[in-house]
Structures are given as C-alpha cells and as structure tokens.
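Down below is the structure, laid out as structure tokens.
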Amino acid sequence: MSRASIWIFDVTTERLGGGDSIVLWGLRSDGVVTPLVDTSFEDHIYVAGLDVEEVRERASVAAAGRGRIRVEPVRRRYRGVELEVARVSGEQEAVKAVAKALDNVADVFEADVRLSQKYILYRGVKPSRWYEAVYEDLERPFYPGAARLVELNEGADAPPPSLKTLALEFITLSRLGSPDPDRDPLVAVALYWGEEVEWISGDERSLFERLSEIVSELDPDVILSFGGNRVFYPYLVERAGNLGVSLRLGRYPGEIYQSVLGHFSIGGRINVDLYEYVDDSPIFQMKTLEELTAYLGLSQPRVRLDPHLYAHYWESDREALREYVGWRVVSIYNSFEVVREEVVSLSAITGIPMDYVLTSSSGRRIEFYVMGEAVKRGELIPPQVERRVRSYQGGLVLQPRPGLHRDIAVIDFKSMYPSIMMRFNISPETVVEGRVENGEYFEELGLSVRRDIEGLFPSVLGLLLSKRDETRRMMEGLSRSDPMYRVLDARQRTLKILANTVYGYMGWGAARWYSAEAASLVTFIGRRMISRSMDRAREMGLEVIYGDTDSLFIRHDPAKVDRLLGWISEYLGMEAKVEKVYRRLLFTSAKKRYAGVYDGVIDIVGLEYNRRDWCGYARELQGEVVAEVLRAGGVGRSLDILREYVSRLRRGEVPLEKLVIWEQITRPLDEYRVNAPHVEVARELARRGWRIGRGVFIGYVVTRGEGPIYKRAVHYLEADPSMVDVNYYIEHQLIPVVHRVLEPLGVPRKRVEAAARHTGRGLDAFM
DNA sequence: TGGGGCCGGGG
DNA sequence: GTGTACGGCCCCA
C-alpha cells in the first residue's frame, strides 16, 4: 500500500482485464506518472414514467447475457418536481442495452453521459486538482507505475506540478490549402520542449518512426500544437494509414484516434491545441499564432511566411521556412507557458479534463459544471435532444444622438443578466407559464417565477460568484510574483466568464437545460431596468445620449449621477457604476457605432476600423481620422489625411496585403444561395482542390474589369499589385470610412468625394 | 430602388 | 455548436 499526493490530469474509461475500469491519470509531485485504476465504479441510468417492477422485468430481459444489473427505486427531482424513479446500474454494456430497450416506453436519463464523466460527477473527482491517494500494486500494470486505487481524498489547493511539454509543428508539401493525406507528403516535423528546436525530416516512413521514438523517449505529459485537431492529426492518422506505418504517440499501445467533437485522443497524454484557445476568443480576429504571441507579449517572427506557401518555400527558400517554423514551434511552447493556468482552471472548475476542455464549446463547459451541481442536489440530468428553437427579444438599444459630445459618463450595470437571474430566481425549472401560487407573475410575457424552490441556475451563479469573491480575497495577501497569484487570477477570470455564459446557455437550442422562456424573462427584466433608469435619469435632469442593453451614456454631472446610482441600487436592487467618462465622444447616426476618448485612450466601437471584412488600408485610415476628429474636436485635418491615403494608393505604394478583404466561410459551399465575392473565391479554390470547410478565412482583393465584384474578386495569393482596382478601393473603401466619421459633423459626402479626387501630384497616374 | 442574404462585432 | 440587436455590404428583381 502506498500513499502520495497526486494531480489528476485526465479521467478515462478503459477495458482492462474484461470489465469497465476508470483510469485516473495522475502525476505525483515529483513528476512521475501514476495511472490509478478504479474497477469499483458502475454505470447507471434513471428511468422515469414506468413502474419500478416493470423496469426490473424489462431490464433483466434486455441485459440478459450482457452482464449483471441492479434495479432500485430512488427519489430524484426533475424540473422542480420530486418523483420516484428506477435506478438501473451495472456493467456498461448491460446498462446501455437496458437504456436502448426502454427508450421508447419510458423516460431514460443519463444514458447520454459517458462513464468517465459520470465518475467525475458522482465521485466528485475533478481533474486538474490535487488529491491524496492510497493505492496498491496491480498484478498486471498496463503502464509502468499503474496501480489500483484504494482511497482518494481532496488534496491541497496548490499550483499544478510541472508538466513535461512538447510542442509540434508540421511541414507538409500542400499546395492547395490544408494538407491532403492522399496527395501531400509530410516532409518535416519541428519539435520543441524547452531546449533546442529539434527537426526530423527525410524519408516519410522513417520520419513517422522517428517521431514516435522521440515522443516515447521524451514521454511528455502535454503535446501542444496549433491546429492539430483541425488539420494535422486527421492528416497524420490517414497518412500513416496510407503508408502502412504506425504512429505511436500515446503512453500505452494504441494509436491516436478521433474522439468527441473533432478532438484527437493521445492515450495517457494531454492534447492541447492552442488554435482552439485562439478560436474561442474575440480578441483574436484572424485566429493566427502571431496574434496570440502579440497578445501574450511574446516575440514576433523575424520573417513572416504564409502557411499556405510552405511547399513553395520548401523548394525556394528552405532557410526562411526553417526559421519561421522554428519560431512557430517555440512560440506554441511559450504561449502555453503563459496560458497554462487558464486552461488548468477551466478544467478544474468545470470538471472537464484538460485534454478536451479547449475543444468543448462554452455551452458544454458551463453545462458540465451545472451537471455537477444537479447531481449534488439530487436532480436528474436532462437528455440532449434535437428541438425547434424559439427566438425571443433581446436587449434594449437606444437611438444615439449623432455628433460630437463632451464629458459623457458611461454607466454600466454590473453583471446585469447574472444579477437578474439571482435576484428573481430565474432558472429553467422555476419559470413557468401562467400564474402560480407563491410565484411572481410577469403579465407582459404571461410567465411566472416560482419562489417555493431555489432555482438550480441562481444557485450555480451564486456559487460561481461567491467563489470568485473568495478567490479575489485570497489574492490580496499574495505578491504578484507568487505562482499561486497567477493560479488564483486565472481562476477568478474563469469563474467570471463561466457566470456570464449561464444566461446565453439557457437560450441555446442544444442545451440540456434549454428554456427560451427563462431567457426571455431575463432580457425582459433587463429592458425594463434600463428603461426605468433612463426615465429616472431624465426626471433628475440628466441628459441620456445613448444606451445599449446594460449601459447608459449620460452627460456627466457627478452629483446627479451619484444619486442615480443610489436610486438604481435602492429601487432596482442592482449595482451600477461609472465605467468611464469620455472627454470627447463621437456618435454616428447608427446604433452600436461610435468612438470616444477618455484618459488618453481612444475607443472605437463598431466602426469599420474594427472589422476584418474591410481592408487594412481603409481601417488604418479610419483610425487616423477618428484620432484627428477627437483631437481637434472637429474635422481638423481629416480630409488631408484622406488625400494622402488616396495618393499613396494611386502611386502604387500600398502593399497588396493591406488591400486584402477577409471573410469567413460559415457553411458548406453548396449551401450558399448567393453570389458573394468571398464565396465565389472559395468556390474557385475548391474547384482547384482546396478543402474549404466552415471556419476557413478567405482573403481576396478586388481587381479591375467588368461586371459585379464577385466576378472580380481574386484570392490574395493569385493577385498582383497591377491587377488592383484602385477606383474600387477609393470609392468603396476609403471614401465610406471617412464619410462615416465626418457625416455626424455635418460634412456632406460630396465634400469627401471631392477631397478624394483632388489629391494634387500623382492624380490620374493610373487612370 | 428596395428587399434579401450574409457577415461581423457589440453588450 | 451560449444568447439577441444591429448596420451595411453586395446582389438581384
């Protein structure tokens, strides 16, 4: 019998010696891998709507020959109602057969929760945390150090052990977008584990072998990539299959395989694909590694190559390629060093193992957390079903007063939707149609909120937010350099993000706890609160300029604004604060589009400047014009700036990359019903063998010629500067972005157009 | 000239 | 694969 502190990095189900085994993949504090096998955990389902005796009869028939099962009556709650249900437990295969047999005649619960997930939920074991484990030798360990779990208790709240990490980046000779395993060979792999970049290249078979060898020797806990799940692992698996070679990256026999949601499992190791981290966050517009490293304050590449052109550089400039790919693999490694705490806390809080927590969607993340709380409260977990979704009204957006304003205070409700849900007890099971006893009725929607039970979601929100407060208190005593400080900071941010997704989750059609009614009640109360606050502000003599969902823009009068905040707290029971005070603020005539300056910081919201479907050159121009208007308090030199931009474009001094317009493919190409420029370019690429799926970014430039733009859009790799339709860029990119900013100042479009025409020297050069 | 499809980003 | 509100592009009738 041994004891040790173990950090659990994954929980998996394995078939070891016949039965179902749960394996807790543990790391000891000295870094030794210790898989703990637990054979004592049984699968189960709950069956409602059928007499327990009948469940027993039907279950024994269905399970016959597949293993022993047990059926017992238990009390559980479902949607706020207590009921008696049958709990069927036993070996996985037998329980699955029972679930299938009863599916048509009764309500079956938790058949769609995987066994390893049930282990986490019912044993209360969360991955990415420390435990005190007692274990004994296995007769036949399937991995060196594997042991039988005897006892497990919560351990210290401490930083994770050091994880041995290996970053991978692949070079394939793909000339047509993402690599095709039937066509494009793998020519090199770059590996980095904190020392020197290691390269393998040469004959493809030996390359696969060498890769397996290095991974096995190095024995990393984490394998990092940027785009592994989307691009490289599917390619590698098929390519290895085509060549008849095996790719062994896992800790025990068995190759990598695709599991849920496009995630690849690498047995006994953690597969972290940082593309998924970037894809998740709106901070990263183009979803590139360069954006990630810039955001994290890491180095940028000295040479920057387009990954679509690896095959080209492999032939023409292998040194540059080597340098760039080397930068990438090091950057992937270094980026993970910075975001590791965030990934760990996301896993530790939600209960989803690190291995696929980044792959799972934000809806599934909060859902798994809710599932854990439901189990603790004795509530059944609703099944995942296909359903029709009902749309409902969202937040209130006020019409702005266009023009340049001074000293505008932005008042924000703090966590508006979570606060409303907690204050009004709004939850999928507490919001019901019509009037109920002990309920609060909302006439306008015909919905009531039950007050006789505490809602699951308000309770989840209360937990998340109180844990966040507690975490922030713990941080107070620590210095910023303390490793625990980073852990706690990541934790409190994660808790906030999770709390903010709870409302959206309820309105999501694929959610187990879907409730458009509850979601619509939240937004209704939000609209009412903003609207009442606005009325109150006006009664107090404050001038309301604008507002959106949970904010009000008010001409600043500190004393009155303070009183308004007090009123909001007292009469609405909500906390609001002055988020910032804009010294100057420019509203366009459109909602959600404005720019302002406070404390020397320029905010640009909703304008073309922030949008990747406008070319970089126009965005840059608008940024300059906005800065000029806010500085000058009027038009200032704006039109001169436009003239300069037009001249430089006409003189051919603008690099092609600044003229590229980026748009995303959001569906399979044959589902598009329109001829749009980016779709047409994508179709052309597809005809030539590119694999264009959802999420692919199409960059194009508009070239000279006849006809609609979709016929003149050319992929940026196919275009050269002489093809550019300069007039299109002037008329449809440069003039509009300047006009957008100057129009609220009373500048007519004709004046902007005239400025673009009169550019002085260089005019007509290309006409 | 106006409506529909589509996209991106705001809160 | 969290929600809705919104503006503005291009295309087409």
Side-chain angles (χ1 to χ4, degrees), chain A residues 260-262 279-283 285-286 359-367 370 384 386 389-400 410 412-417 421 457 497-516 518-520 522-524 526-527 530 546-553 579 588-594 603-615 618-619 661-667 671-680 694-695 697-698 702 707-713 728 731-733 736-737 739-740:
Chain A
V260 283
L261 300 158
D279 198 27
D280 236 23
S281 162
I283 297 167
Q285 233 176 9
M286 304 299 302
T359 307
S360 65
S361 69
S362 52
R364 295 293 168 216
R365 287 175 198 161
I366 187 62
E367 181 166 83
V370 174
Q384 279 191 44
E386 297 256 345
V389 292
R390 186 166 82 70
S391 76
Y392 59 91
Q393 208 178 332
L396 182 67
V397 189
L398 306 181
Q399 197 64 53
V410 181
D412 260 29
F413 281 78
K414 220 172 125 185
S415 304
M416 184 191 243
Y417 288 174
M421 290 176 68
F457 281 38
I497 292 168
L498 286 170
N500 284 340
T501 57
V502 171
Y503 147 75
Y505 170 80
M506 290 194 306
W508 176 40
R512 291 176 185 270
W513 278 275
Y514 173 69
S515 172
S520 71
V522 174
T523 57
F524 170 77
R527 290 193 300 277
I530 276 292
Y546 179 63
D548 185 350
T549 310
D550 62 353
S551 67
L552 285 174
F553 290 52
E579 169 86 7
T588 68
S589 51
K591 294 174 176 179
K592 295 184 185 283
R593 298 187 160 224
Y594 58 88
D603 274 347
I604 302 182
V605 179
L607 299 183
E608 287 77 4
Y609 177 81
N610 314 349
R611 301 175 59 96
R612 62 168 174 242
D613 55 354
W614 285 73
C615 76
R619 296 169 62 179
I661 295 162
W662 291 94
E663 279 183 274
Q664 205 175 0
I665 294 298
T666 61
R667 61 188 75 178
E671 284 180 21
Y672 279 97
R673 294 153 64 182
V674 294
N675 295 317
H678 74 294
V679 177
E680 198 46 47
R694 283 181 50 160
F697 284 101
I698 302 293
V702 176
I709 292 161
Y710 76 90
K711 288 187 174 155
R712 295 190 279 127
Y728 170 84
E731 297 294 327
H732 295 270
Q733 296 275 323
V737 301
H739 183 232
R740 186 96 53 227

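Here is the naming used below: chain letters follow the sequence lines, and residue numbers restart at 1 for every chain.
OP1 and OP2 of C:dG7 both lie 4.0 Å or more from every side-chain N or O belonging to A:R740. Distances shorter than 4.0 Å separate none of the side-chain N or O atoms of A:R611 from OP1 or OP2 on B:dG8. Of the side-chain N and O atoms in A:N610, one or more sit less than 4.0 angstrom from OP1 or OP2 of B:dG10. Contact annotation: A:Q664 side-chain N/O to B:dG8 OP1/OP2 distance is under 4.0 Å. At B:dC6, none of the side-chain N or O atoms of A:Y710 fall inside 4.0 Å of OP1 or OP2 (strictly under the cut-off). For the OP1/OP2 pair of B:dG5 and a distance below 4.0 Å, the side-chain nitrogens and oxygens of A:R667 include no atom meeting the criterion. Side-chain N/O atoms of A:S362 include none lying less than 4.0 angstrom from OP1 or OP2 on C:dG1.
B:dC7 atom C1' lies 13 Å from atom CD of A:E608, rounded to whole Å. B:dG10 atom P lies 15 Å from atom CG of A:D412, rounded to whole Å.
In the set C:dG7, C:dG8, B:dG8, the nucleotide with an atom closest to the side chain of A:K591 is C:dG7. Between C:dC6, C:dC10, C:dT4, one nucleotide has an atom nearer to the side chain of A:H732 than all others, and that is C:dC10.
We find that A:E680 and A:R712 are not joined by a salt bridge, their nearest charged nitrogen and carboxylate oxygen being 4.0 Å or further apart. A salt bridge does not link A:K591 to A:D548: none of the charged side-chain nitrogens sits closer than 4.0 Å to a carboxylate oxygen.
Within 4.0 Å (heavy atoms only), A:G363 reaches sugar-phosphate atoms of the nucleic acid but no base atom. Across all strands shown, A:Y546 has no heavy atoms under 4.0 Å from either base or sugar-phosphate atoms. No engagement by A:E367 is indicated, since no non-hydrogen atom pair under 4.0 Å with the nucleic acid exists. Note on A:Y392: only backbone sugar-phosphate atoms sit closer than 4.0 angstrom, heavy atoms only; bases stay farther off. At a threshold of 4.0 angstrom between heavy atoms, the contacts of A:W513 with the nucleic acid are absent. Within the nucleic acid shown, A:F697 has no heavy atom closer than 4.0 Å to any nucleic acid atom. Within 4.0 Å of A:T666, counting heavy atoms only, lie sugar-phosphate atoms of the nucleic acid but no base atom. Nucleic acid contact for A:A590: sugar-phosphate only, since backbone atoms but no base atoms lie under 4.0 Å from a heavy atom of the residue. Using a 4.0 Å heavy-atom criterion, one finds that A:R694 contacts the sugar-phosphate atoms exclusively.
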Which atom pairs, donor and acceptor, lie under 3.5 Å between side-chain atoms of residues 501-509 of chain A and protein residues at least two apart or in another chain?
from   : atom 1 : to     : atom 2 : distance (Å)
A:T501 : OG1    : A:L498 : O      : 2.8
A:Y503 : OH     : A:Y392 : OH     : 2.9
A:Y505 : OH     : A:E367 : OE2    : 2.2
A:Y505 : OH     : A:R512 : N      : 3.1
A:Y505 : OH     : A:W513 : N      : 3.2

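Not counting sequence neighbours, A:E731 has no partner by the salt bridge (Lys or Arg N to Asp or Glu O under 4.0 Å) test. Applying the side-chain contact (heavy atoms from CB on, under 4.5 Å) rule to A:V679 yields the partners A:Y672, A:A676, A:R683; only residues at least two apart in sequence or on another chain are considered. Not counting sequence neighbours, A:D279 has no partner by the salt bridge (Lys or Arg N to Asp or Glu O under 4.0 Å) test.
Atom CD1 of A:I709 sits about 13.5 Å away from atom NE2 of A:H678, to the nearest 0.5 Å.
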So what's the dot-bracket for DNA chain B: Watson-Crick or G-U pairs under 3.5 Å, [ ] if a pair crosses, | if it pairs off-strand?
-> ||||||||...

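Non-hydrogen atoms lying under 4.0 Å from DNA chain B are contributed by A:Y672, A:R673, A:V674, A:H678, all within residues 672-680 of chain A.
Residues A:R390 and A:S520 come closest through the heavy atom pair NH2-OG, 4.2 Å. Closest non-hydrogen pair, A:V370 versus A:F457, comes out as CG1-CE1, 3.8 Å.
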